[in-house]
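The analysis underlying the following values was restricted to heavy atoms, covering all of them including side chains, and did not include hydrogens, waters or symmetry mates. Only a predicted model underlies this, so the values are computations on that prediction, with no experimental measurement involved. Sequence lines set the chain letters: A, B, ... in the order given, protein chains first and strands last, and positions in each chain run from 1.
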Amino acid sequence: MVERRMETRRKLPPLPNAVEGNVVTRLPPEPSGYMHIGHALSGLVNYLYKEMYGGKVWLRFEDTDPRKVRAEYYDSYRDGYRWAGIRWDYEKNNSDDMELFYQNAKRLIEEGKAYACNCSREVVRRLRSEGLPCVHRSQTVDVNLELWDGMLEGRYSEGEISLRLVGDMSSANTTLRDPVIMRVVEAPHPLKGERYRVWPTYDYAVSIEDAICGVTHVLRTSEFMLRDELQNLIRGYLHMPNPTFVEYERFEFEGTPVSRREIRSLIERGLVSGWDDPRLATIVSIRRRGIVPKALKEFAERYVALTQSRKVYSWDLLYAINRKCVDDLTPRMFFVKDPVKLKLEGLGEFDVELPLHPTGRLGQRRLRVSEELYVQQDDLRSIGEGGKVRLKHLCNVTLRSISDKLAEGAAELGPPEPGLRVIQWVPVNEAVDVRVLIPGPLLKPDGTFNELSLQVEGGVAERSVDSLEVGAHVQFERFGYCVKDKLPMTFVYSHR
RNA sequence: GCUCCGGUAGUAUAGUCCGGUCAAGUAUGCGGGCCUCUCGAGCCCGAGACCCGGGUUCAAAUCCCGGCCGGAGCACCA
């Protein structure tokens, strides 16, 4: 146990400013879409560091845009994080703290750090890009207070007014140019209904939340880099402590879109079957494809670097780890693609017991063998007439004739003859028709849709697959690891 | 366009801060071999990289300058 801890510790680089026993991190999803592998990896980073040093981790939903947030997605993240093996210590929603945002807004106004602005969206945008203040910036505190009250009382409709922070209109960091911190949104919130019409913006909400949650380390992707300064400024005004920021590039995977917009478009065009299409990288997809949580965690420890260089991981890196996680626990069974009937005269009918795993540790399965077996077309062809082959765990065979539909041979029971190719087989009367979906890169290197991204192999499997539950792993020998899918008689290929 | 940030083998990284031990380590992938009643696992061997150009220095992957390439941000989204 101690040994293991040390090992984990060696894997992730040390965290700056970390105090043993007091590292507080957070999982900050916006519940506006399905969780994907990038969120899981980022979540894992936050969780693993908290585990490494000791401390707490928050699950905090960043749900302050009522128009984007949907109730169903909260659970997508809870389920996803839980599945990834992340256990959080506290949970809250930013939308739970509206009164707090209001109080602090008032305080900022009173201290001359915020003002109510009646400029239109377009004017705000233009002046910000030009680095120029608007007339409202110099309003008195009393006027601002009155306008703010008016906002809260519902005297203004959406777009008519906003509360802006007094920042630095000429800063090179444009986020600092008097950003809007509170605005009117006339849309119901999935959790709060119509109770509020004035909502905080991201930077304002997150600054306050990170401080009151006692977050010591913000580990996030680098599109937020420019916001550090702004968020620190807000906390400075409010006399709140700042966390340490560690920012890193997004985690992407070869040939796999991450943006929700892109995925939605693929779904709408009918190019993928839905959010759980096995070619996607949503959590539901990678589960369906057979990625196990342990593998994801080890991947995070071994391959994730908190650097700002662009990362596009090869799926092979994940597959290799996954294969090792799954190998010892996964039963072996026979699947024959492109099956051809092989008649072995005089073989008779009898039961055989085959090990479910090469180590023998997973027990046996029983098959009733008769004279007719299915074997793979390409195996027969490469062995050829007159050639010999070993049917694994069954018999040696001399092939007498081969045609497209039927082959014939002579069986010789007993131990394997050295040097023969060993192939899998399925008794004709024990065969079930199955298909295997093989997900590949959804996008070509140029970013366009890959027409060949989903291959389907048809064939027969031994009847034992009936006993597998949906979601169970199986290794089809000489084919690859697969997962029994929710679709009938279907398996999804994981990897070799 | 403006502002940031990056660039080590196919991929992901270690090394870069504090120049030499780096003719560059690891994993994966690839090639070959061994082993195995799977094309899986395991073992062994091999090929494969410091973006380019200058400069500083006895010495540069590491420091400086310029270029090229890539990414991000520039919302009353998060």
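Nucleotides B:A14 and B:A61 are separated by 12 Å at their C1' atoms, to the nearest Å. Rounded to a whole angstrom, the distance from the C1' atom of B:C69 to that of B:C63 is 22 Å. Between B:G1 and B:G67, the distance separating the two P atoms is 14 Å to the nearest Å. To the nearest whole angstrom, the two P atoms, one in B:C4 and one in B:A9, are 27 Å apart. Taking atom C1' in both B:U16 and B:G10, the straight-line distance is 24 Å, to the nearest Å. Nucleotides B:U8 and B:A49 are separated by 6 Å at their C1' atoms, to the nearest Å. Across B:G7 and B:C64, the matching P atoms stand 13 Å from one another, rounded to whole Å. Taking atom P in both B:A41 and B:A27, one finds a spacing of 15 Å when rounded to whole Å.
To the nearest angstrom, C1' of B:G29 lies 15 Å from NE2 of A:His495. Between A:Tyr313 atom OH and B:A27 atom P the separation is 17 Å, expressed in whole Å. Atom CD of A:Glu298 and atom C1' of B:U13 are 15 Å apart (whole Å).
Between the side chains of A:Asn396 and A:Glu417, not a single donor N or O lies within less than 3.5 Å of an accepting N or O.
Ring geometry, A:Phe335 versus A:Phe479: the interplanar angle exceeds 60°, so the pair is classed perpendicular (tilted spans 30 to 60°).
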- Item | Under 4.0 Å protein heavy-atom contact, by nucleotide of nucleotides 37-48 of chain B - B base, S sugar-phosphate only | BBBBSS------
- Contact string for nucleotides 70-78 of chain B, one letter per nucleotide 5' to 3', B = base within protein heavy-atom range under 4.0 Å, S = sugar-phosphate only, - = neither, reads SSSSSSBBB
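Remark: B:G70 base-pairs with B:C5; criterion is Watson-Crick or G-U wobble with both hydrogen-bond distances under 3.5 Å. With a cut-off of 3.5 Å on both pairing distances, B:C39 has no Watson-Crick or G-U wobble partner at all. Across all strands shown, B:A49 remains unpaired; no Watson-Crick or G-U wobble contact has both distances below 3.5 Å. With both pairing distances under 3.5 Å, B:G25 is matched to B:U13 as a Watson-Crick or G-U wobble pair.
With respect to A:Asp210 and A:Arg26, a salt bridge is recorded, a charged nitrogen being found less than 4.0 Å from a carboxylate O. In this structure, A:Arg310 does not pair ionically with A:Glu249, as no charged nitrogen and carboxylate oxygen lie closer than 4.0 Å.
A:Glu194 CD: 12 or fewer foreign heavy atoms inside a 6.0 Å radius. Environment of CZ in A:Arg366: sparse, with no more than 12 heavy atoms of neighbouring residues, nucleotides or ligands closer than 6.0 Å. Under a cut-off of 6.0 angstrom, the local environment of CD in A:Gln364 is crowded, with over 12 non-hydrogen atoms contributed by other residues, nucleotides or ligands.
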- When you look at A:Glu477 and A:Arg332, which way does the salt bridge (Lys or Arg N to Asp or Glu O under 4.0 Å) test go after all the steps? CA-CA 6 Å; A:Glu477 292 202 41; A:Arg332 269 57 173 171; 5.7 Å; no
- Item | Intermediate values then yes/no, salt bridge (Lys or Arg N to Asp or Glu O under 4.0 Å), A:Lys192 and A:Asp63 | CA-CA 10 Å; A:Lys192 307 298 171 193; A:Asp63 58 349; over 6 Å; no
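At a threshold of 4.0 angstrom between heavy atoms, the contacts of A:Tyr303 include nucleobase atoms, whether or not backbone atoms are also involved.
Of the candidates A:His189, A:Met182, A:Arg67, A:Trp199 forms a side chain to side chain contact (heavy atoms under 4.5 Å, CB included) with just one, namely A:His189.
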